[in-house]
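Throughout, a chain's letter reflects where its sequence line sits, starting with A, and its residues are numbered from 1.
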Amino acid sequence: MNNAKKIETWFDLFRILVAVLLAYVIALIILGIISDDPLYVIGQFITGPFSTFRRFGNILTTMIPIMFTGVCMCFVYAINKFNLVGEGAVNLGGCLSACVAIALSDKVPAWLLLIIVLVVGALAGMACSLIPALADQLFHADVCVVSLMMNYILLYITSYILKYRIKDPGSSITASYKWASSLKLGNLIPGTSVHFGFLIAIACVVIAAILFYKMSFGYRMRVVGMNPVFAKYIGMPVMATIILAQVIGGAFAGIGGTVQVIGMFQSYQWTSLTGYGFDGLMIAVLARKNPAFVPLSAFLIAYIRTGADIVSRTTDIPPEFVSIIQGIIIVLVAAEMFLSRFKSKLIFNSAKKALAQKEGKA
Amino acid sequence: MNVRLITSFGFAVLRLSTPLVFAALSAAICEKAGLFNMAAESMMLWGALIGVIVSGATHSALIGFLAAMAAGAVTGMLIWVATVKGKADLMLAQIAINLASSGGTIFLLFALTGEKSNSAVAIKSLALPKINIPGISAIPVVGKILSGQNILTYGAVVAAIVLSIFVFKSKTGHHIRAVGENPHAAESVGISVPKVYFLAWTIAGVLGGIGGAFMSMGYLTSFTKDMVAGRGYIGLCASSMVGGSPIGAMLCALIFGVADAVSNQLQLTNAPADLVLMMPYIVTIVVLVLLSVVKHGRATRKVKAKS
Amino acid sequence: MEALKMEHITKIYPNGFVANKDISFTVQQGEIHALVGENGAGKTTLMKVLFGMEQPQEGSIYVNEKKVNIKSPLEAISLGVGMVHQHFMLLPSMTVAQNVTLGMEPKKNGLVDAEKAIAMTQEMSDKYQFGLDARARVADLSVGLMQKVEILKALIRGAKVLILDEPTAVLTPQETRELFEQLKLLRDNGHSLIFISHKLEEVMELCNNVTVLRHGYCNGTHPIEELDAAKISRLMVGRDVVLKIEKDDPKPDKPVLEVKDLVCVNSEGKNAVDGVSFTIRSGEVVGIAGVEGNGQSFLSDAISGMIHYDSGSVKLNGQEVGGMKIKEIRQAGMSVIPEDRMTVGCVNDLSVRSNAIADRYDKKENMSGIFLNGKKQKEITEEMIKEFEISCDSQDEAIRFLSGGNIQKVVVAREFTSGANFVIANQPTRGVDVGTAEMIRKYLVRMTREKGIGSLLISADLNEVLEVSDRLFVMRQGKIVAAFPKANVVDVDVLGEYMLGIKTMTAEEMEGLL
């Protein structure tokens, strides 16, 4: 490999790191400005997540749902369709799983119920994702707008189900009836809140990675995403691939909802969107659409989120400031021109050096 | 009873349509320039927050309103910087900005007041005035609907007309449409495409900012988190229904306003609130799909007719 | 007076392609100057240099005998140089007046003075007898009128030198005649026109001087009186180096591709392919020569299933192709080397391997159960790399890092090893280095002789089409206008005359050859 190629290959990674770092620094500056005790707050934000074992566990717990949505967005992003329904799919997956769990609690064994609710979550997610995908492919309606509208609709549907169908009148908060405690995903690492959902998430990442890189569908999907004209010319079913990729992605988001609901709670309580879908988009962007990198990106996001949580708990600063960081990271990673001058300089310099060497030898 | 219902419903339609009209106009100017404005959401959110903060600080609704416009404009410019200067993907950049704005507004509110979801307690912000139109207010039913609205409701109509004249009659408007239709053609006669984009995003931002100001200084009198709630997208939909024509976009926004008003009215009944709240969004999707079908059908028919 | 002079223009693109080499020519005031040359002869580049869209490495430009430095189209316009692009730069939804005055709209009270814009436009149109209605919407105009809007755009900006890039390509004969009258009127008014065309009878009729470009070089400027169409054709269409490919006579066997009365309508409603019929048999290469844009791409796309054709039939090994999915067409035995390898022929960001196996990754023998068989894929790719001498660091390298020639080798390797018995090779050696081009041509011939495949070769490179093909057709305006039984004995001059429309064969003459 010559130098220019090497630089191109490594530059992507470098750019992502710089983008994350820059966003992080901006966040620190903001934190520093608004807090009365900047050093303490910043310290909490940076080192807090690693300060105790329990908090480190929180990073892993935070990773769980966003690994699912990250995988979901890898599929969607791989075929270049901004179907953002992952957000609503999490809610619907969680909600319908909860309904099934409540209905079937104590009627079927826990292991079977677990499988059933996961399937229900997956189906719910697939259905959510199918609607924008079809609207786009059959009717040429913008997939992004439709999916954003879908998210509101899904939120209201789930919130209706919660308030009117499965609400436990005995509960002091808006929560559904409880399901059998045997269904709640067991603890994975004692002393932390990490539950078995983490393993399910890792399994999903592995499955997605295999689908992406070891199976013909994944190959087709990547080709369609990168060059649909070529895909048509070589005889691939372009439209079917585009729809199927979104549906599979939706399934992962739906499962994510299920796992989050039965892993963290014993009743369904969501009355707003979770934001996991948008986290997923960022993770997919950071992972460069490669599911294998999802855990790493998710760890990074979860670390920032956990830091923000700690800050918000100890100082009252709302954790929403994380979304500013997210926005900055996405824009910087997406902006081709970001650091591009630096890149051409690198390539130019290395070319000059190579030339000088050649001349020196001659 | 019936008459009162009609007046209050009609009044609500206009009131609820107002932010949608501004969002639609914001999307329309972008559409004319060939841009897809998904970020009206952010422009409105910042307009709403900054309007409240500045009017609270200066005790002037007017200054607050101007600040809201400026806030929207800055949001628009940010998108321009990211997509034109930074060559970021337009969709991705707007999604990112929407995400950052949703959190950023909450965060700014907190940084200034310590509140996290509502500015009502902490900021004594001012509302924009309501206006009674002398002659019209006397007319039964119609007068009650048309008169006594917030100044920005009338402002929305004015904005649509002004924007329409700007787009179709002014030199700059011509250039914006030229860029939207064929950037190469515009460039070939010396029109700077990046400049036109900058202008379009800025105007879109101002309009979005006004829409936001209405949300927090008219519709409500405080900022609450995520108060725009998809209105930017609905405006986008309204604009694309008519290909970005300002007057048409305003009229389409009214349709969504009706859906909004119906859903508000139904909330007063026993119908489950959540299902009712869903309605405007469902209408948006249905309209968007129908519209795309029609548009696409027309395009293919055109090709066929030519052959 | 010299209205325009270009001197010693040399333009080398960053990829090393020499588009113009030391080209000089002069346009007098009040003349129509023809610029002729084959595709890729350098006409477009030269005009881009003149219009400020490209910067030359060497050479200078004089306008009105003053040396100028043109860095952008705007500067060209302000110097009085106007260009009518082949693809119109118009805004269909706006009126003629709005299009013509775009960017220089007259103002009144801060708004555009629409009436004045209309008056300005109408006056200009009437002066040159363009017959345009300034208030009409451009979308409602015929193509001929649209072109006049383009010319008006240049004139109203004060263009004295007007570049017309193949202006008649989109016109009907009547429109062309009308245009010529108006161009002559412009000339008589003291304008200088540069007329780029392939149509020699038009050049003969209209122009005062002819500058011929060939392969980036200038082949001289000649007064029209000294020329006739055949002479221009010889100056334009020539073989600098005669390429020889050793090959046995073909032994055509059963038909693999039968095209009958094929018609394809383009988006403007014209018949891009206009009733074409021919048969290709196994064991032979059938070549199609022709000036680009005469329906060759449509023909190739229609046969390969990329577009739906409007009538007629295409049979591949006896099976009707219309209505089949592309995958099915490929399974029925077709391979395609597409014209544009970067946008159609490969996926830039994927590896050499992923590009090489794109048509066979899901064949049963290349999978291990439900999984892709990486080992098998590597073997297949390795074989291709060896056989086609593809130079790359590794199979995993993204294909965009390869040279154009090597990318093309990957495409050719994939298409030739797919097991198809019919291959469309559309400009298979365009922009490829000499060595690779030779290899691809030899391979094409060898496959027909040894494996008995049938092949359709579409090429703008006359050397190639004459030497590689067995039978040869000439395509012009969507029709086959000539057919030759033995391509390598066809005289280039004669071929040029058919390509450029000086001659056309009758159906009887082509009988039995199609």
From C/M367 CE over to A/M215 CE, what is the distance, rounded to the nearest 0.5 angstrom? 7.0 Å

Can you name the closest pair of heavy atoms from A/M236 and C/A358 and give their distance? CE-O, 4.0 Å

In this structure, SG of C/C346 is separated from CE of A/M226 (nearest 0.5 Å) by 12.0 Å

Side-chain contact test, heavy atoms from C-beta onward, threshold under 4.5 Å: evaluate it for C/E415 versus A/I234 and give yes or no. yes

Tell me, side chain or backbone of C/S304 under 4.5 Å from chain A's heavy atoms, or both, or neither? neither

Nearest heavy atoms of A/K232 and C/M306, plus distance in Å: NZ-O, 2.7 Å

Looking at A/Y233 and C/V336, what are the two nearest heavy atoms and their distance? OH-O, 2.6 Å

Residue among C/I329, C/D359, C/N348 with most heavy-atom pairs under 4.5 Å to chain A: C/D359

Check each atom of A/F217 against the heavy atoms of chain C and say whether the ones under 4.5 Å are side chain, backbone, both or neither. neither

Short side-chain to backbone donor-acceptor contact, A/N227 and C/V344, under 3.5 Å: no

C/K363 NZ: over 12 foreign heavy atoms closer than 6.0 Å: yes

Highest number of heavy-atom pairs under 4.5 Å with chain A: which of C/D349, C/L372, C/D362? C/L372

Which region of A/I210, side chain (C-beta onward) or backbone (N, CA, C, O), has a non-hydrogen atom less than 4.5 Å from a non-hydrogen atom of chain C, or is it both or neither? side chain

Does atom CZ (A/F293) have a neighbourhood of more than 12 heavy atoms from anything else shown, all under 6.0 Å? no

Which bit of C/M342 is near chain A, if near means a heavy-atom gap under 4.5 Å: side chain, backbone, both or neither? backbone

Quick check on A/Y219 against chain C: is it the side chain, the backbone, both or neither that has a heavy atom closer than 4.5 Å? side chain

So, the part of C/F371 with a heavy atom under 4.5 Å from chain A: the answer is both

Hey, does the side chain of C/K325 reach the backbone of A/G235 with a donor-acceptor pair shorter than 3.5 angstrom? no

